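As the structure is a prediction and not an experimental result, all values here were calculated from the model. What's counted below: heavy atoms across the whole structure, side chains too, no hydrogens, waters or symmetry copies.
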Amino acid sequence: MAEAQESKMKLMADMLRARVNAPRTSSPWRALPEPVADTARDSVAGAHAAAQRLDPSLGTDLANHAAGAFTDALSHVFLTSAAVCLAVATLIALRLPAQPRQQPAAEDAR
């Protein structure tokens, strides 16, 4: 159970990192100093902490971009989890017997 949770968190972090790293040539990433960009790439909290230290317009762009990346990553993780749950439920439904097993009649029951 802990491994599944860890796997989901890693997937979400990887997706967040990919979304944050993808638009490096667009605003707000173009204007960020490298140490600030590294902090912002590590986590949403890091991005918000970095945004508070920046110019208000750039900080707002960075915070909005990080929040959007987090929401997108979370959506993908939820959809993937829902697909896995649906697949497992389908497999369970296919493996269940159509009718309950009949209990053998006990000869001693009187």
Side-chain angles (χ1 to χ4, degrees):
M1 184 82 136
E3 289 179 19
Q5 185 96 6
E6 185 177 317
S7 175
K8 287 179 187 178
M9 293 299 291
K10 183 178 179 338
L11 174 65
M12 194 167 74
D14 289 344
M15 293 175 75
L16 174 64
R17 196 170 291 111
R19 167 84 190 269
V20 167
N21 288 335
R24 291 195 70 157
T25 58
S26 66
S27 175
W29 301 104
R30 197 174 353 156
L32 290 179
E34 195 59 34
V36 175
D38 288 339
T39 301
R41 274 187 221 104
D42 287 340
S43 67
V44 175
H48 283 280
Q52 290 177 349
R53 295 184 194 131
L54 296 173
D55 176 66
S57 64
L58 183 60
T60 301
D61 286 346
L62 175 61
N64 289 339
H65 191 78
F70 176 78
T71 302
D72 285 350
L74 194 63
S75 297
H76 288 288
V77 170
F78 284 159
L79 288 174
T80 302
S81 297
V84 168
C85 288
L86 181 63
V88 169
T90 302
L91 289 173
I92 289 171
L94 291 174
R95 298 281 300 161
L96 285 175
Q99 296 178 2
R101 292 184 181 178
Q102 298 294 326
Q103 295 292 332
E107 293 181 79
D108 296 332
R110 292 186 187 185

Rounded to the nearest 0.5 Å, the CG atom of Leu62 sits from the CG atom of Leu58 at a distance of 6.5 Å

One should read off an interatomic distance between Phe78 CZ and Cys85 SG, to the nearest 0.5 angstrom, of 11.5 Å

* Should Leu96 and Val88 be counted in the same cluster of Ile, Leu, Val, Met, Phe, Trp and Tyr side chains packed under 4.5 Å apart? -> yes

### Query
Would a hydrophobic clustering, with Ile, Leu, Val, Met, Phe, Trp and Tyr connected at side-chain separations under 4.5 Å, put Leu74 with Val84?
no

Correct closest heavy-atom pair for Gly59 and Ala51 would be O-CB, 3.2 Å

**Asked** Between Val44 and His48, is any pair of side-chain heavy atoms under 4.5 Å apart?
**Response** yes

